[in-house]
Amino acid sequence: MRESGKVTGFILKELENYIKPGMSTWDVDKFVEDTILKYKMIPAFKGYGGFPAAACVSVNDEVVHGIPSKNRILREGDIVSVDTGCIYKGYYSDAARTYGVGEISVEAKHLIEATRDSFFAGLEFCKVGYRLSDISHAIQLLAEKEGFGVIRDYVGHGIGSNMHEDPQIPNYGKPGRGPRLAEGMVFAIEPMITQGHYGVDVLDDEWTVVTSDGLLSAHYENTVVITDGEPELITLFE
Ligand code: MG
């Protein structure tokens, strides 16, 4: 999983400089897939549940599961969320970031930063002895304190020899519930945070999830290992 996570994290880091106004969401996916293949790994998303690409590329009010397209051009001021993962020797990694395209508004920057910060607020509880919903609660508290909504319909998850394993990890909820965390557990923690209400719709392509109110949404995810000390982020490349 660490080997797989390195490639996923590296790609998401590279995208910080790669994404530019005028490129299509297909171009972003092509970069992701080519890099995964270059490192001789398998794109985890391609074909998963019938998804046609190596990355979900979701623009502005799109929350998750955007299908890359040559017709979807990124414009200055957009925000774009890229969610991807790969498989190495049967083991998965899964991570996501939201990027600004060129110069973006102060409000959009705030949303992206608060989404990342909410992940790290949850990470404080990714330690032996805490309970699963302590993570959820910490994410919600931070996001709502910043004035944002927490998407309810899509959640984090266990990950290992499958992309989605038990348990589900909501980004909201009361603390002190669910299983106690133990060394060796691996989770994909992934807050999806919106400027407005958490209600979402799925478009006619049956994949793309958008906010019902049309406001911006951001996503931040890492694959996280519970250890006997600090949690290990195997998809964070810095
Ligand atoms: Mg995930």
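One-based numbering along the sequence shown. Just so you know, ligand 1 is whichever comes first in the structure, and atom 1 is the first atom listed for that ligand. Everything quoted here is computed from the prediction, not taken from an experiment.
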message: Restricting to N, O or S atoms, which atom of Asp94 is closest to the Mg ion (ligand 1)?
response: OD2
field: Cationic N near anionic O, under 4.0 Å, Arg116 to Glu113
entry: no
- prompt: What N/O/S atom of Glu221 is the closest to the Mg ion (ligand 1)?
  reply: OE2
field: Of all N/O/S atoms in Glu190, the name of the one nearest the Mg ion (ligand 1)
entry: OE2
field: Polar side chain donor-acceptor pair, Ser81 to Thr98, under 3.5 angstrom
entry: yes
task: Tell me, please, whether Tyr220 has Arg97 positioned over its six-membered ring: NZ or CZ under 6.0 Å from the ring centre and within 45 degrees of its axis?
output: yes
query: Does the side chain of Thr211 come under 3.5 Å of the side chain of Asp61 through a donor N or O and an acceptor N or O?
result: no
task: Tell me whether His157 has at least one N, O or S atom under 2.8 Å from the Mg ion (ligand 1).
output: yes
